[in-house]
Amino acid sequence: MEGETVIEIGLILEWAWYLNIFAWICALILLVLKLTVQKVDDFTSYGKLQKFSAFDASSRSGRANGSSVSAAADKVSALTVSHKFAFTASYLMCAVWTLQLAATAYYATPNWQFTPPWNAVALFVGAFMLHILRRIYECFFVHKFSPREMPLYNVWLIMAFYVFVIMAPFVDFMYQAAFDPAYLESLWESEVAMVCIPVATLMFLLGQYQQHRAHVILAKLRPSGGDKDQKYYVPHGGWFKYVSSPHYFAETLIYMSFVVFSQGQLISFWLIFIFVAVTMAHQSYHTHKWYHDDKKFGNYPSNRKILIPFVW
């Protein structure tokens with residue numbers, strides 16, 4: 001019976017690992033469609049870049065006599081929620097899911113025939129929970145959300161992203177513990193680890209600080225109207241001195257810190273980072289373009305880069 005248990009757990013972990021990789025490859029394929037097909041990009045945009053919106057009735061009425069695809073898109077996009085609800089609910093769900101997954105894995109430990117990498121899991125879960133709790137705090141006490149409403153399907157996409165972001169490293173760490181325990185030892189004991197762990201910690205904390213700082217600066221641009229203020233203003237201060245979207249650069253830095261922590265050896269961290277980095281680059285490019293195209297921002301600083309200070 002014990003041998004059968006080992007084989008069963010090994011097969012489950014192996015299948016879970018392949019499904020995890022497959023899910024992120026599918027996510028990257030969808031991202032490629034967003035980058036290459038304009039209608040897909042329009043359909044999945046949000047905030048100031050949002051094209052399909054119940055808030056902007058004129059954009060929908062202009063397509064009233066269009067194709068059946070456009071009509072269907074309008075019907076789907078008419079199901080909306082506020083940006084505040086969308087992001088707050090997503091982060092709260094993520095926090096509950098993270099704790100539930102960690103608790104389930106911990107209490108299932110006696111049934112496993114290998115030692116789970118609790119040091120690595122605890123460090124990752126702790127760091128990610130810090131990130132999510134900060135975002136929840138900002139949703140309640142910092143952000144002044146756009147009055148535009150977000151299509152409900154975008155909320156499901158955001159939630160799906162966080163479900164798999166948390167699940168992927170869990171599966172990868174457990175898979176490595178079962179099939180390559182030497183790698184997990186190297187996470188803490190190798191010479192590379194002595195460099196990667198402090199560098200990853202610095203990147204993570206810097207990203208957290210700068211993203212929060214950027215969110216505070218953006219929130220202060222709407223001090224009077226709050227959530228009802230429909231105007232946009234040019235942000236100044238912090239990393240806004242160098243790029244149009246420092247909060248997106250900070251987000252990229254946070255997910256890059258996970259890759260560095262894993263010494264670049266976990267495929268799931270790479271796939272997540274690539275997805276986040278490309279998404280942030282896409283959002284930053286169009287945000288930068290939006291600032292320059294809008295005639296209200298004729299004095300927009302010409303020396304600001306798009307996403308990476310002094311580079312792009």
Side-chain angles (χ1 to χ4, degrees), residues 12-47 49-52 73 76-77 81 83 86-87 89-98 100-101 121 124-125 127-129 131-132 135 150-176 204 207 211 245 247-262 264-287 307:
I12 291 173
L13 280 173
E14 191 169 8
W15 275 103
W17 188 84
Y18 281 116
L19 287 173
N20 164 49
I21 300 303
F22 176 75
W24 281 104
I25 290 175
C26 288
L28 289 172
I29 291 173
L30 290 175
L31 182 57
V32 170
L33 289 176
K34 179 177 175 65
L35 297 176
T36 57
V37 181
Q38 187 61 50
K39 287 186 177 180
V40 176
D41 187 30
D42 291 346
F43 197 63
T44 54
S45 60
Y46 60 89
L49 305 177
Q50 190 167 316
K51 305 294 175 60
F52 289 88
V76 174
S77 64
V81 295
H83 274 67
F87 285 106
S90 297
Y91 293 131
L92 287 172
M93 180 280 303
C94 182
V96 173
W97 170 242
T98 302
Q100 175 64 39
L101 199 59
V121 171
F124 171 75
V125 170
F128 201 79
M129 280 299 295
H131 175 62
I132 293 302
R135 299 296 287 119
M150 181 182 291
L152 191 58
Y153 59 80
N154 265 347
V155 181
W156 291 118
L157 289 175
I158 294 171
M159 288 186 174
F161 168 77
Y162 282 112
V163 165
F164 284 101
V165 160
I166 287 297
M167 192 163 61
F170 264 97
V171 171
D172 226 339
F173 278 132
M174 297 305 171
Y175 180 85
Q176 295 294 333
F204 178 81
Q211 188 174 65
S245 301
H247 47 315
Y248 293 151
F249 178 63
E251 184 85 355
T252 306
L253 201 62
I254 290 168
Y255 282 91
M256 184 62 193
S257 71
F258 297 142
V259 175
V260 175
F261 165 71
S262 70
Q265 296 187 50
L266 292 186
I267 295 177
S268 61
F269 278 144
W270 275 112
L271 293 176
I272 294 170
F273 168 70
I274 291 170
F275 182 89
V276 170
V278 174
T279 301
M280 294 299 100
H282 176 265
Q283 288 290 110
S284 298
Y285 170 78
H286 285 285
T287 298
L307 178 65

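Values below: every heavy atom of this structure, side chains too, minus hydrogens, waters and symmetry copies. Fair warning: this is a prediction, and the values are worked out from it, not measured in the lab.
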N/O donor-acceptor pairs under 3.5 Å from side chains in residues 25-36, not counting sequence neighbours:
residue	atom	partner	partner atom	Å
K34	NZ	D41	OD1	2.9
K34	NZ	T44	OG1	2.8
T36	OG1	V32	O	2.7

* Provide the full list of side-chain hydrogen bond (donor to acceptor under 3.5 Å, both in side chains) pairs with a residue in residues 268-277, sequence neighbours left out, each pair given once. =>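 Checked against side-chain hydrogen bond (donor to acceptor under 3.5 Å, both in side chains) - neighbours excluded - the pairs reaching residues 268-277 are D172-S268.
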* Residues that A160 engages under side chain to side chain contact (heavy atoms under 4.5 Å, CB included), provided they are two or more places apart ->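 Scan of A160 (side chain to side chain contact (heavy atoms under 4.5 Å, CB included), adjacent residues dropped) gives none.
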* To do: Hey, could you give me each pair passing salt bridge (Lys or Arg N to Asp or Glu O under 4.0 Å) that has a residue in residues 153-166? Not counting sequence neighbours.
  =>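 Listed once each, the pairs would be none.
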Which heavy-atom pair separates [X] from [Y] by the least distance, and what is that distance?
{"X": "V81", "Y": "A86", "result": "CG2-CB, 4.0 Å"}
{"X": "G207", "Y": "A250", "result": "O-CB, 3.4 Å"}
{"X": "M167", "Y": "L101", "result": "CA-CD2, 3.8 Å"}
{"X": "A281", "Y": "L307", "result": "CA-CD2, 3.8 Å"}
{"X": "S90", "Y": "I158", "result": "OG-CG2, 3.5 Å"}
{"X": "Q211", "Y": "H247", "result": "NE2-O, 3.1 Å"}

Within-4.5 Å side-chain heavy-atom neighbours: [X] and [Y]:
{"X": "V163", "Y": "M93", "result": "yes"}
{"X": "I166", "Y": "C94", "result": "yes"}
{"X": "F164", "Y": "I272", "result": "no"}
{"X": "I267", "Y": "W17", "result": "yes"}

* Would you please name every residue forming a ring pair (Phe, Tyr, Trp, His ring centres under 6.0 Å) with W97, sequence neighbours left out? =>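 Ring pair (Phe, Tyr, Trp, His ring centres under 6.0 Å) check on W97 returns nothing, list empty.
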* Contacts of type ring pair (Phe, Tyr, Trp, His ring centres under 6.0 Å), residue Y162, not counting sequence neighbours ->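 With sequence neighbours excluded, Y162 shows a ring pair (Phe, Tyr, Trp, His ring centres under 6.0 Å) to Y91, given in chain and number order.
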For the residue pair [X] and [Y], categorise the inter-ring angle as parallel (less than 30°), tilted (30 to 60°) or perpendicular (more than 60°).
{"X": "F258", "Y": "F124", "value": "perpendicular"}
{"X": "F173", "Y": "F269", "value": "perpendicular"}
{"X": "W24", "Y": "F161", "value": "perpendicular"}

* How far apart are the C-alpha atoms of T252 and F273, what are their side-chain angles, what is the distance that settles it, and do they pass the side-chain contact (heavy atoms from CB on, under 4.5 Å) test? -> CA-CA 7 Å; T252 306; F273 168 70; 3.7 Å; yes
* Steps toward side-chain contact (heavy atoms from CB on, under 4.5 Å) verdict (V165, F128) -> CA-CA 10 Å; V165 160; F128 201 79; 3.5 Å; yes
* Roughly how far apart are H282 NE2 and M280 CE, rounded to 0.5 Å? ->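 Rounded to the nearest 0.5 Å, the NE2-CE separation comes out at 10.5 Å.
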* Asked: CG/L92 to CE/M159 distance, rounded to the nearest 0.5 angstrom?
  ->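 Between L92 CG and M159 CE, I get 8.5 Å after rounding to 0.5 Å.
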